[in-house]
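What follows is a set of notes on a single structure, which appears directly below.
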Amino acid sequence: MKSLLIAESRQGKVLGGSYELMAFAGELASDTVMFLVGSKEALPAYGGRLYLADAAEVGDYNPEAHRELILQVIAEENPEMVLFCHSSYGWDLAPRVASALGAAQVSEVVALRDGMPVVPVCNGKLRRQVQVATTRRVFTLQAGAFSPSAEPSGTPEVIKMAAPAPGRVEFCGYEQAAVGGVDLGKASVVVSAGRGIGKPENVKMVAELARALGGEYGASRPVVDAEWVEHNRQVGTTGQSVAPKLYVACGISGAIQHLAGMKKSEFIVAINTDRDAPIGEIADLLVVADLKQFVPLLTAKLQAR
Amino acid sequence: MKILVCIKQVPDMEAKFKIDGAGTWYARTDLAWRMNEYDEYAVEQAIQLKEQEQEADITVLCIGGEQVKETIKKALAMGCDRAVHVAMEAVSSLEPLQIAGIIAEFARDQGFALIFTGMQSQDRGSGQVGLLVAEFLTLPAVSTVVEFAYEAGMATVRRELEGGTRACVKVATPAVITCQLGLNSPRYPTLPNIMKAKKKELRTIPAGELLKVAPRQETAKLFFPEKRGGGEVLEGEIGELADRVIQILKEKTTVLS
Ligand SMILES: Cc1cc2nc3c(=O)[nH]c(=O)nc-3n(C[C@H](O)[C@H](O)[C@H](O)COP(=O)(O)OP(=O)(O)OC[C@H]3O[C@@H](n4cnc5c(N)ncnc54)[C@H](O)[C@@H]3O)c2cc1C
Ligand SMILES: Nc1ncnc2c1ncn2[C@@H]1O[C@H](COP(=O)(O)O)[C@@H](O)[C@H]1O
């Protein structure tokens, strides 16, 4: 079997997810070739054949042109499997490629079981094993699900690709999130508020617990989107990554995008009314309780020590 | 200007899920149903656009069984003008390609300037439908949109990338936009608008009339993830729980020393 790995680069840097594609292909003992819209100054550590288009000409985000290039590589290499990261780049491009190929697409693969891809369902509460009916298949892989066992190495054999006509979607540039404010990464304790806090007034009780533990407070995304907490306190893929000594998740379900930002914490406590909340899968301690009663009580007991 | 919004009805994610008899989906009993969160942003964006482009006309479309009408009515009460219910009880047996095929078959030649979908559904979560609708209709598409502005046939949007970075993107209509969390603040239907919604057009089309695409995949098995061992679960009276948590933090961490 042969797999085409769609590597990713942003602003001239190869993104780490590209190496997870190699790890997955490795698990299936598949041959690989790689495709990248990037720069010859920053090649991925990969020992195989790399089809490279210049990001300076094509643009980091130009989905119709990227699709065109990928279809050219597929015509040349005839891979059975095309692998993307399940990322803002991959989930945008994969359906376009799958559609052009008439291939089945399976999104956010987290594991293989009996040789079939497994994907999460219902916010990670369930798993689904998928039977693909087409010979050609397109998968996107969940970030972090397949890790390279060794430091990636090698220098690719580069095949340069000419830029195709631009697509109908025009990329006008990046905007960086406002930086500054709190650096959650430095705190030894982070206590985060999730949607389970119910109303903005309850941010205060979470902040007080954080203070009683000598740490900072953070939040899950819905709490930030609702403007109950500033964005620079958001934990997760589109916020900050933290790895404190203690992470306390108050009313947070444990969606993969939140876990990605805190699962490296040394000790994780979750406070949740739902005993089956997916956060329980990574928590060292799951306290099944209503945070509105439990958090102030715990804070009071900590302060009274 | 005609606008199409695609919405899905999903269970509340805090439910205790059970696996159905066939072992390929969750059982539909004992669940509370609501509009897919991402689709609420799609509905709100369409309505905000109508507030700007007053002659706009919004059609909301949902594929599902009889009970999805509740969710359709919510979208009408929020401010959509008319609704299409594509009727099919066993909608969970369809793969994203087929859902997209149905939507595209309905939308073809109708002259929608913009089609809004959620970036993903909360239960199936494939994130494919919007982009596939665009492919079927050969329209340009932008996914994961967190900011949207429209002027004179041109949409200027921001895509959300990892780590809080955004990409600014321009696309001429007609186009498909998939909506990400935080795009806007979805409104709550007011009582007068709930009353008004009762008089709005709600057309039903049997899914069979629009389903022309064969599946390329199927669910072999649905199952619960294996619990990662080691985690402790505490239940009981909250005073005792708090004491127990403090004791565990003293034993297992250095933060209380
Ligand atoms: C591309 C993308 C990027 C994303 N990036 C991020 C990110 O960076 N960070 C992030 O957090 N999310 C991110 N998300 C969103 C993520 O998928 C989830 O929607 C989000 O993390 C859910 O937040 P939550 O757990 O606070 O809310 P919910 O999922 O609504 O969970 C609320 C929890 O509170 C519990 N609860 C309710 N009431 C109580 C109570 N009284 N006491 C105790 N517990 C209670 C419930 O049982 C439930 O488990 C992203 C999503 C996408 C698609
Ligand atoms: N049954 C459905 N009826 C109408 N729209 C749907 C349906 N299923 C999915 N969609 C749309 O497609 C989007 C992405 O869904 P998915 O590809 O399943 O993650 C959703 O946010 C909806 O906008």
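Order of the sequence lines fixes the chain letters, A, B, ..., with proteins taken first and strands second; residue numbering starts at 1 for each chain. Note that the structure is predicted; figures quoted are calculated from it, not measured.
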(request) With a 4.5 angstrom heavy-atom cut-off, could you sort out which part of A/P120 is near chain B: side chain, backbone, both or neither? (result) backbone
(request) Heavy-atom distances under 4.5 Å only: say whether A/A98 touches chain B with side chain, backbone, both or neither. (result) backbone
(message) If you compare all heavy atoms of A/K125 against all heavy atoms of B/M13, which two are closest, and at what distance to 0.1 Å?
(response) NZ-O, 3.0 Å
(request) Return the option, out of A/V119, A/N123, A/N272, A/L213, with the maximum number of heavy-atom pairs under 4.5 Å with chain B. (result) A/N123
(request) Please report the shortest heavy-atom distance between A/Q176 and B/T165, naming the atom on each side. (result) NE2-OG1, 2.9 Å
(message) So for A/A103, is it side chain, backbone, both, or neither that comes closer than 4.5 Å to the heavy atoms of chain B?
(response) backbone
(message) Working to the nearest 0.5 angstrom, can you tell me the gap between A/D276 CG and B/F17 CZ?
(response) 10.0 Å
(request) Quick one: closest heavy-atom pair of B/L222 and A/L126, and the distance? (result) CD2-CD1, 4.0 Å
(message) Can you tell me which portion of A/V132 sits under 4.5 Å from chain B's heavy atoms? Options are side chain, backbone, both or neither.
(response) both
(message) For B/T138 versus A/R168, what's the shortest heavy-atom pair and its separation?
(response) O-NH1, 2.8 Å
(message) Less than 4.5 Å to any heavy atom of chain B: does that hold for the side chain of A/S87, its backbone, both, or neither?
(response) both
(message) Please classify the contact of B/V10 with chain A as side chain, backbone, both or neither, using a heavy-atom distance under 4.5 Å.
(response) neither
(request) Side chain from CB out, backbone as N, CA, C, O: work out which of these in A/V269 comes under 4.5 Å of a heavy atom of chain B, or both, or neither. (result) side chain
(request) Taking all heavy atoms of A/S99 and all of B/L132, pick out the closest pair and write down the distance. (result) CB-CD2, 4.0 Å
(message) So which residue, A/L285, A/D274, A/L302, A/V287, ends up with the most heavy-atom pairs under 4.5 Å with chain B?
(response) A/L285
(request) Look only at the side chain of A/R96 and the backbone of B/A141, and say whether a donor-acceptor pair between them is shorter than 3.5 Å. (result) yes
(message) Please find the pair of heavy atoms, one from A/V169 and one from B/P140, that lie closest to each other, and give the distance.
(response) CG2-CB, 4.0 Å
(request) Taking B/Q128 for its side chain and A/Q105 for its backbone only, find out whether a donor-acceptor pair lies under 3.5 Å. (result) yes
(request) Please state whether the side chain, the backbone, both or neither of A/R137 comes within less than 4.5 Å of a heavy atom of chain B. (result) neither
(request) Give, as side chain, backbone, both or neither, the part of B/L183 having an atom under 4.5 angstrom from any heavy atom of chain A. (result) neither
(message) Measuring from atom OG1 of A/T273 to atom CD of B/E14, what distance do you get when rounded to the nearest 0.5 angstrom?
(response) 6.0 Å
(message) Under the criterion salt bridge (charged side-chain N to carboxylate O under 4.0 Å, His left out), I'd like the reasoning laid out for A/E266 against B/K252: C-alpha separation, chi angles, the key distance, then a yes or no.
(response) CA-CA 10 Å; A/E266 281 173 39; B/K252 303 261 177 83; over 6 Å; no
(message) Just verifying a value: how many Å separate A/T238 OG1 and B/L161 CG, rounded to the nearest 0.5 Å?
(response) 10.5 Å
(request) Report yes if the side chains of B/V255 and A/F267 come closer than 4.5 Å at any heavy-atom pair, otherwise no. (result) no
(message) In the structure I gave you, are the side-chain heavy atoms of A/R127 and B/K221 within less than 4.5 Å of one another anywhere?
(response) no
(message) Which atoms of A/A289 are under 4.5 Å from chain B, going by heavy atoms: the side chain, the backbone, both sets, or neither?
(response) side chain
(request) Go through the atoms of B/S126 and report whether side chain, backbone, both or neither lie under 4.5 Å from a heavy atom of chain A. (result) both
(request) Nearest 0.5 Å please: distance from the CG atom of A/L297 over to the CG atom of B/L241. (result) 9.0 Å
(request) Just give me the residue among A/C172, A/A104, A/A133 that pairs up with chain B most often, heavy atom to heavy atom, under 4.5 Å. (result) A/C172
(request) Answer yes or no on whether B/R159 is positioned over the face of A/Y89, meaning its NZ or CZ is under 6.0 Å from the six-membered ring centre and within 45° of the axis. (result) no
(request) Nearest 0.5 Å please: distance from the CD atom of A/Q131 over to the OG1 atom of B/T24. (result) 12.5 Å
(message) Just so I know, are the side chains of B/L181 and A/R221 near enough to count as touching, which here means a heavy-atom distance under 4.5 Å?
(response) yes
(message) Would you compute the distance between atom OG1 of B/T219 and atom CE of A/M116 and round it to the nearest 0.5 angstrom?
(response) 11.0 Å
(request) Side chain from CB out, backbone as N, CA, C, O: work out which of these in A/V224 comes under 4.5 Å of a heavy atom of chain B, or both, or neither. (result) neither
(message) Taking the basic N atoms (NZ, or NE/NH1/NH2) and the acidic carboxylate oxygens, is any pair closer than 4.0 Å for A/R67 and B/E135?
(response) yes
(request) Below 4.5 Å from any heavy atom of chain A, which atoms of B/K250 appear? Answer side chain, backbone, both or neither. (result) side chain
(message) I'd like to know whether A/C122 forms a side-chain contact (heavy atoms from CB on, under 4.5 Å) with B/Q122, so could you lay out the CA-CA distance, the side-chain angles of the two residues, the decisive distance to 0.1 Å, and finally the verdict.
(response) CA-CA 6 Å; A/C122 290; B/Q122 287 173 280; over 6 Å; no
(message) Do A/V106 and B/Q217 make a side-chain contact, defined as non-hydrogen atoms from C-beta onward lying under 4.5 Å apart?
(response) yes
(message) Closer than 4.0 angstrom, basic N to acidic O: yes or no for A/K301 and B/E240?
(response) no
(message) Between B/E162 and chain A, with a heavy-atom cut-off of 4.5 Å, which part of the residue counts as in contact: side chain, backbone, both or neither?
(response) both
